[in-house]
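Below, chains carry the letters A, B, ... as their sequence lines are ordered, and counting in each starts from 1.
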2 protein chains.
Amino acid sequence: MSQQDKMIEELFHNADELTEKQKKIVAAAIDSFAEKGFAATSTSEIAKKAGVAEGTIFRHYKTKKDLLVAIVAPTMAKLIAPFVIKDLNKVLHQDFERFEDFIKAFIENRIKFLKNNMPLFRILIQEIPFQPELREQFKEHIAQKVFERLRQIVEHYQAKGQIIEMPSDTVIRMAASTIFGYIIARYLLAPEAEWDDDTEIERTIQLLMNGLSP
Amino acid sequence: MSQQDKMIEELFHNADELTEKQKKIVAAAIDSFAEKGFAATSTSEIAKKAGVAEGTIFRHYKTKKDLLVAIVAPTMAKLIAPFVIKDLNKVLHQDFERFEDFIKAFIENRIKFLKNNMPLFRILIQEIPFQPELREQFKEHIAQKVFERLRQIVEHYQAKGQIIEMPSDTVIRMAASTIFGYIIARYLLAPEAEWDDDTEIERTIQLLMNGLSP
DNA sequence: TATAAAAGTGAGTAATCACTCACCTGCGAA
DNA sequence: TTCGCAGGTGAGTGATTACTCACTTTTATA
């Protein structure tokens with residue numbers, strides 16, 4: 001099974017219900033959407049790359065936008081999955097006495113996920129500004145659920161005196177900027193450069209810890 | 001003169017050489033490109049919004065992509081202008097003994113610029129991944145000139161013992177993440193939210209100072 | 001093995017695309 | 001007044017677009 005296949009398997013919980021050709025369509029679409037953007041990619045091009053007839057695409061996806069949503073929606077779900085699990089807080093606070101340990105485990109976990117799903121992450125951030133449907137999903141899930149969870153976490157560690165007293169939204173913004181900044185620089189802006197990943201992540205966490213400590 | 005006009009005047013050094021209709025084309029294109037993206041915007045739509053015939057667009061710009069480049073290239077130039085002025089270092093080190101003062105002045109200056117040119121900044125970051133021509137310009141200017149300048153600045157303040165010893169690229173990445181993180185959150189992700197800008201900028205600088213101090 | 005449903009096909013369609021071109025208009029220089 | 005020319009026009013161009021549909025092939029089940 002190829003890397004591409006594994007990515008798709010991981011992405012769609014019912015991947016075994018997908019036809020061979022359907023998987024090829026999804027793989028081709030991910031490829032092209034990430035490289036040229038959704039609007040600049042034609043369905044004929046996807047069909048050609050996938051080695052199927054154009055009609056086959058529309059057998060499985062009513063419209064081109066449907067195909068995009070079918071790709072992006074589960075990516076978004078996977079990305080925020082760790083925030084949605086029940087009793088995150090309980091697990092969290094048992095396992096991670098210190099904020100530093102929590103954020104380290106968390107960053108490493110999410111970076112690993114994004115690293116394995118870069119084209120999808122690319123499509124996600126590139127198309128959200130343009131697709132109201134995706135923007136709506138993003139707002140509903142991220143803005144509401146994830147943000148609420150993050151606030152709880154920040155406030156928990158603030159109560160323990162491990163994070164500086166500051167509006168939790170500001171803390172979240174800073175942490176998110178730093179983390180996404182690293183991911184974008186590492187995997188999108190300069191993927192070809194030489195990176196000492198462990199050291200860079202360590203330093204990034206240190207920036208946050210120094211900056212957010214009381 | 002409208003706000004839109006002022007923006008265009010500021011952007012094109014030879015704005016007085018632009019026809020009335022040409023200005024309207026540029027304004028309409030900025031509007032649509034920022035909202036729907038370059039690929040999803042048709043020339044007929046731009047013409048309609050600008051109140052001109054479609055042929056008029058192609059009288060001034062050979063292709064649709066030419067129009068995009070004519071809009072984005074000067075934006076990029078304006079954005080990096082402060083780095084390109086001669087003897088930046090001399091000016092810099094006379095005026096800003098402390099790194100904190102420098103970065104504060106710098107952030108405020110660039111935020112003010114971006115604030116007045118948000119649609120253009122949006123187009124810039126949205127289209128650079130897709131347009132090889134823009135990516136080339138970006139690499140040439142940012143990667144080479146700007147990065148070199150930033151390295152000098154970081155190393156200067158490192159020599160003075162005001163910045164932690166760390167590869168200058170890492171320092172730059174962290175500072176850029178933090179600053180762009182604020183701008184993107186403030187003006188693109190949640191422009192409608194209530195923001196206490198002065199306080200947020202102050203806190204953002206404090207994060208950097210705490211995180212980057214030896 | 002027979003049968004129906006699902007998967008797959010590719011020629012065809014109307015709409016839209018970026019771009020062209022022959023023509024028109026207003027204006028400054030000769 | 002005449003001329004040249006840049007600015008402006010909009011109907012027209014061939015190419016491409018997302019999508020349809022009548023049809024064939026494959027698959028699952030009884």
Side-chain angles (χ1 to χ4, degrees), chain A residues 5 8-9 12 14-72 123 127 130-134, chain B residues 5 8-9 12 14-72 123 127 130-134:
Chain A
D5 272 347
I8 294 170
E9 289 284 343
F12 299 89
N14 52 353
D16 44 347
E17 286 173 17
L18 293 190
T19 314
E20 269 321 297
K21 302 229 165 190
Q22 198 169 352
K23 284 184 204 167
K24 288 201 169 160
I25 289 168
V26 170
I30 290 173
D31 218 48
S32 292
F33 288 166
E35 191 194 323
K36 322 177 44 182
F38 172 76
T41 301
S42 69
T43 49
S44 74
E45 186 193 331
I46 295 171
K48 201 174 164 188
K49 187 180 277 184
V52 305
E54 207 172 339
T56 310
I57 294 175
F58 293 97
R59 170 106 6 221
H60 296 290
Y61 306 96
K62 254 174 47 196
T63 64
K64 186 182 151 195
K65 193 172 286 179
D66 264 24
L67 174 58
L68 175 69
V69 172
I71 287 171
V72 172
I123 296 171
E127 298 306 331
F130 301 137
Q131 309 294 338
E133 192 172 343
L134 295 181
Chain B
D5 272 347
I8 294 170
E9 290 284 345
F12 300 87
N14 51 354
D16 44 349
E17 286 173 16
L18 294 191
T19 315
E20 271 319 300
K21 302 228 164 188
Q22 198 169 353
K23 285 185 203 168
K24 287 199 169 160
I25 290 169
V26 169
I30 290 173
D31 218 48
S32 292
F33 289 164
E35 192 194 322
K36 325 176 42 184
F38 172 74
T41 301
S42 69
T43 48
S44 73
E45 187 192 332
I46 295 170
K48 201 173 163 187
K49 187 180 276 184
V52 305
E54 207 173 339
T56 310
I57 294 175
F58 292 97
R59 171 112 354 225
H60 296 290
Y61 306 96
K62 252 173 50 196
T63 64
K64 188 182 151 195
K65 192 171 289 179
D66 264 24
L67 174 57
L68 175 69
V69 172
I71 287 171
V72 172
I123 296 171
E127 298 305 331
F130 300 137
Q131 309 294 338
E133 191 171 343
L134 295 181

Colleague: With a 4.5 Å cut-off on side-chain heavy atoms, are A:Leu68 and A:Leu134 touching?
Modeller: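 Side chain of A:Leu134 against side chain of A:Leu68, heavy atoms only: contact under 4.5 Å found.
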Colleague: Between protein and nucleotides 17-23 of chain C, map the contacts as a letter string: B base, S sugar-phosphate only, - none, heavy atoms under 4.0 Å, written 5' to 3'.
Modeller: SBBB-B-
Colleague: How many whole angstroms separate atom NZ of A:Lys48 from atom P of C:dT9?
Modeller: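 From A:Lys48 NZ to C:dT9 P: 16 Å.
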Colleague: Less than 4.5 Å apart, side chain to side chain, heavy atoms only: is that true for A:Val26 and A:Tyr61?
Modeller: yes
Colleague: Can you tell me how far apart NZ (B:Lys48) and OG (B:Ser32) are? Round to the nearest 0.5 Å.
Modeller: 11.5 Å
Colleague: With side chains defined as the heavy atoms from C-beta onward, is the minimum distance between A:Ile46 and A:Leu67 less than 4.5 Å?
Modeller: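 Result yes, sub-4.5 Å side-chain heavy-atom pair found.
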Colleague: Expressed in angstrom and rounded to an integer, what is the separation of A:Tyr61 atom OH from C:dA7 atom P?
Modeller: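 My rounded result for the distance is 11 Å.
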Colleague: Compare every heavy atom of A:Glu127 with every heavy atom of B:Phe130, then report the nearest pair and how far apart it is.
Modeller: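 So the minimum-distance heavy-atom pair works out to CZ-OE2, 4.5 Å.
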Colleague: How would you give the extent of chain B contacts on DNA chain D, as first and last nucleotide 5' to 3' within a 4.0 Å heavy-atom cut-off?
Modeller: D:dG7 to D:dG10
Colleague: Starting at CD of A:Gln131, measure out to NZ of B:Lys36 and round the result to the nearest 0.5 Å.
Modeller: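 Reported to 0.5 Å precision, the distance equals 11.0 Å.
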Colleague: How bent is the helix from C:dT1-D:dA30 to C:dA30-D:dT1, measuring the angle between the end axes built from five pairs each, rounded to 10°?
Modeller: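 Nearest ten degrees gives 10° for this helix.
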Colleague: Check whether any side-chain nitrogen or oxygen of A:His60 sits under 4.0 Å from OP1 or OP2 of C:dG8, and answer yes or no.
Modeller: yes
Colleague: With side chains defined as the heavy atoms from C-beta onward, is the minimum distance between A:Ile25 and A:Thr19 less than 4.5 Å?
Modeller: no
Colleague: What are the two closest heavy atoms between A:Asp66 and A:Lys62, and how far apart are they?
Modeller: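 Minimum heavy-atom separation between A:Asp66 and A:Lys62: OD2-CB, 3.5 Å.
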Colleague: Is any side-chain heavy atom of A:Val72 closer than 4.5 Å to one of A:Phe33?
Modeller: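 A:Phe33 does not reach A:Val72 side chain to side chain.
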Colleague: OP1, OP2 of C:dT9 versus side-chain N and O of A:Thr56: anything below 4.0 Å?
Modeller: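 Yes, because at least one side-chain N or O of A:Thr56 sits under 4.0 Å from OP1 or OP2 of C:dT9.
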Colleague: Can you measure from OG1 (A:Thr41) to NZ (A:Lys64) and round to the nearest 0.5 angstrom?
Modeller: 6.5 Å
